[in-house]
2 protein chains.
Amino acid sequence: MGAAQASNRTDVVPLSYGSPASASFPYDALQQAASDAILTQGHAALQYSGADGPAVVRQWIAERSALRGIHVTPQEVLVTYGSGQAIDFACRAILEPGDHVWVEAPTFFGALNTFRTSEAVLASFPIDEQGLRVDLVEEALEHAVRENLPLPKLLYCIPNYHNPGGISLSVFRRKRLAELALAYDFFILEDDAYSELNFGAAYLPAIYSFAPQRTIYLGTFSKTIAPSIRLGWAIASQDTAVKLGSFFHGSRASAFTQQIIGNLLSSYSLETHIGQLISRYREQRDSMLKALDKHLQGAVEYAVPEGGFFVWLRFKEEVDTGELVKYASGHGVSFIEGQQFYLSPEDGKRYARLSFSYCEAEALELGIVRLAEAYQDYQAAQAAREV
Amino acid sequence: MGAAQASNRTDVVPLSYGSPASASFPYDALQQAASDAILTQGHAALQYSGADGPAVVRQWIAERSALRGIHVTPQEVLVTYGSGQAIDFACRAILEPGDHVWVEAPTFFGALNTFRTSEAVLASFPIDEQGLRVDLVEEALEHAVRENLPLPKLLYCIPNYHNPGGISLSVFRRKRLAELALAYDFFILEDDAYSELNFGAAYLPAIYSFAPQRTIYLGTFSKTIAPSIRLGWAIASQDTAVKLGSFFHGSRASAFTQQIIGNLLSSYSLETHIGQLISRYREQRDSMLKALDKHLQGAVEYAVPEGGFFVWLRFKEEVDTGELVKYASGHGVSFIEGQQFYLSPEDGKRYARLSFSYCEAEALELGIVRLAEAYQDYQAAQAAREV
C-alpha cells in the first residue's frame, strides 16, 4: 500500500499518541469521586473557584514532592489547569518578547509552541543517554559572558523519562545545572510530567531541590489519573509563585475538578494505582522493545527508557522520518517524526518517537511489524529512485 | 458593632457574591451526566482534548446564539475554559503592550485585570440607563482622529444586565457602536455572560450581529449550569477565531467537562432549567428591591435590572462606599464598593454593587436591613466627625 492511502485506514495503530492507556483510568473511583463532588459537596464545589481548593490535593502534592527532595508546604503549591497553564504562566511571568530561552534538542513541542507565542529567542542543546549536555550549556554561558551576548532568562528541561528522548538527567548534571542557574541568574522550568512512572530505580532528586530560588517545578495528574481532569501544579519560591498566581485573574483551577481529585485522594490509594500503572507501562515497554529487536534489528538503535511513555528511535541508515511517516500511515501505524521536536527540523530526520503508553501489547507488536514493513517499502522506493 | 469586628462574624449575608444560587444547580442531572462521561464515554472523555469535543455542545451554542441574531455554524464556536480564558486569548490575539483599550465605567474588574496584564492603556466611558454612552465614544474617536491620538484596538462591553450596572445597552446604541468599530477599525469584545437570565423582554440582538467581522462575542455556562464546570465560548470571524485558537497550544477545553455538558444538553432541557433560573432570580430581585424601598427609601437610587445578578446602588448623599463597606461588614452584610469597578476609584465612591443571585429572599431582606443599619452608623460617625 502506498503513502497516498494514508488517511483512509481506520485501523491505524497509534504509536504517535502520547496518552495514557485508556484502560488504566480509575473509572469507578472517579465516578464515585465525581458523584460526591456534585451531590455531597456541590454547593461549594460547583461554584466559583476564588479560593485554593481542597487542602488534601496540595497536601498530597507537597508530601509526594518530598520523594524528590522538594520540601514545601501546601501553601507553596499552585494548582493549575494542567501543566500547560503553568508553562504559560511561567513564560508570562518571566519573559519579555526577545528574551532568550534555552531548550533541549529534542524537546516537547507543546512547550516550544508556548515559548514561540512569548516571542522568545530560542536556542537548543543536545541530550545524550544521561540527559541534557549540561557541559555544552556551561560552555555557551561562558561564551555569552565573554562575547557580551544575551544570557537566557529561562531553560526548559524534562529531567525524567524525557519526552521524546526517554532518558533521564543524571544527578551530577542536575546539580551542575542548578549551580549554573544560580551563577548566571536564569530560571529552570523543570517539567516533571513522567516521574511517577518509574520502572525501577529510586526517585532522583529534582533540579528544584538544588536551586529552589531559580527553579519552577511542574507536575501533573494527567499521566497518573486522567489528562482531561486538567490538573497540574507548579512549585516555586514564594516571590515567583505570587507572580505566577497573578495570571489566574481571580479564577483558579476548577473547584469541581479539584474536589474530584481531592475525593479520589481521600478514598482511594493513588499510590497503589501508580504501582499498577508502572507494571502496565513496564510490560508495554518490554513488548515494544521485544518487537523492535525482532522486526527492526540492526536498523534502529535506542536507549532503554526506565520510565515514562516513549521510545526514541534512531535509524542507523540515513532516512527522513518525515517521509517514512507517510509510508507508515499507509501501512496502518503512526508515530511522530523527529523533526517535530527540534528547533531545526533537519536535526530530527533520523528520529522517531514511538509511544508505548496508549496501546496494549498485541497492538504494540502489530504496530512495530507494520513500521518494519513501511521501512522496507521506504528503502525500496529510495533505492529505486537512486537507480 | 464597629467596623473593627468586621472579620469576626460568621453569619455575613454575602451580597458581594456574584455567584449563582447554589440551590439552583442541576445536581441530579449533572451527577448522571458526569457518571456517563466517566463510565460510558470515559475512554475518550478522560483523554487529552486535542479535538473539538462533543458536537452537541457547539450545536447548542450555535442554535441558541440565533436568538440574538448571531448566525454561525458550530465550527465557528470556540469552546474555552470559561469566558476568562476567552478574554485572555482575545487580549493576546489583538493587543500589543501600549495598545489602547476602552471600557465602560463602571465595568467588570476581572476583565480590567486581564487588560492590565496585557499592558494596555485604558480609558473608560460612562454608562447610563441605556448602557454605554456610545455618543461619548464617538466624540472621543473623532477627537482622536482630529488630534492624531491613538485609536483603541479593543472596546470591552457588557451589553446585557451589566456587571455591575444592571442595565442593558439599547439596540440603537448597539448598532451605532458596531458602525463605529467598522469605521474606526477596532474590535468589540462583547461579554454576554448574563443574557440568558432575562426577566421579561425578548432577547436583544447582539452587537456581533451588526459587525461580525469586528466583534468577539463571549458566552458562558457559568450562570446557567455551574461556574466550576469552567466552560465558556467565543464566537468570532474565522480569521479571528483561528488566532484565538492558537493560544490553546494544542490543549482545548477539557474533554471531560465538555462531555458532561454534552450529556446534560442531550438528556435534560437546559431551556426549562433556564426558565426556572429566571423565575428564581426575578423573585430574588423583587425581594431585594422591596427591601431597599422599605429600609433605604430616599437614601439610594437604582435602575431596575431586567435580568442578570446585580443591583447597582447609588447613594444620594455623599458617601464613601469604601468606608461604608467596613461598617456593613461589622453589621454582617457584604457588598462590593463601587471603586473596584472604575479606572479612577474616586468615581465609584457613591456606588455599591449588590448581588441578588446568591442569597434567597429571607437572607436578602436581612442583608438590606443590616446595610441600612450600617449606613445609619456610618452617617452618625461622619456627623460626629464633622462636629
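So you know, we letter chains A, B, ... as the sequences are listed, proteins then strands, and number each from 1. Atom set for the values below is all heavy atoms of this structure, side chains included, hydrogens, waters and symmetry mates excluded. Everything quoted here is computed from the prediction, not taken from an experiment.
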Under 3.5 Å: donor-acceptor pair, side chain of A:Tyr81, backbone of B:Ser254: yes
More than 12 heavy atoms of other groups within 6.0 Å of A:Tyr17 OH: no
Atom pair OH/OH of B:Tyr358 and A:Tyr48 - distance to nearest 0.5 Å: 13.0 Å
N/O donor-acceptor pair under 3.5 Å between A:Gln47 side chain and B:Pro20 backbone: yes
Among the listed options B:Thr114, B:Ile229, B:Asp36, the residue most often paired with chain A at heavy-atom distances under 4.5 Å: B:Thr114
Atom pair CG (A:Asn113) and CZ (B:Phe248), whose distance is rounded to the nearest 0.5 Å: 14.0 Å
Which portion of A:Phe25 sits near chain B, non-hydrogen atoms under 4.5 angstrom: side chain
Closest contact, heavy atoms only, A:Ser228 versus B:Ala45: OG-O, 2.6 Å
Beyond-backbone contact of A:Ile260 with B:Phe256, side-chain heavy atoms, under 4.5 angstrom: yes
Portion of A:Ala37 that has a non-hydrogen atom of chain B nearer than 4.5 angstrom: neither
Atom group of A:Arg92 that falls short of 4.5 Å from chain B, counting heavy atoms: side chain
Among the listed options A:Arg116, A:Arg230, A:Gln258, the residue most often paired with chain B at heavy-atom distances under 4.5 Å: A:Arg230
B:Ser357: partners by side chain to side chain contact (heavy atoms under 4.5 Å, CB included), with sequence neighbours left out: B:Tyr281, B:Phe309, B:Ser355
B:Gln85 side chain reached by A:Gln85 side chain, heavy atoms, under 4.5 Å: no
Heavy-atom pair of closest approach, residues A:Gln31 and B:Ser35: NE2-OG, 2.7 Å
Which atoms of A:Ala255 approach chain B - backbone, side chain, both or neither, heavy atom under 4.5 Å: both
Structural part of A:Asp88 lying under 4.5 Å from a heavy atom of chain B: side chain
Side chain to side chain, A:Asp28 and B:Ile38, heavy atoms closer than 4.5 Å: no
Interface moiety of A:Ile225 toward chain B, non-hydrogen atoms closer than 4.5 Å: neither
Set of ring-ring contact (aromatic ring centres under 6.0 Å, His included) partners for A:Tyr156, sequence neighbours left out: A:Phe115
Chain B contact via A:Ala111 - which portion, at a heavy-atom distance below 4.5 Å: neither
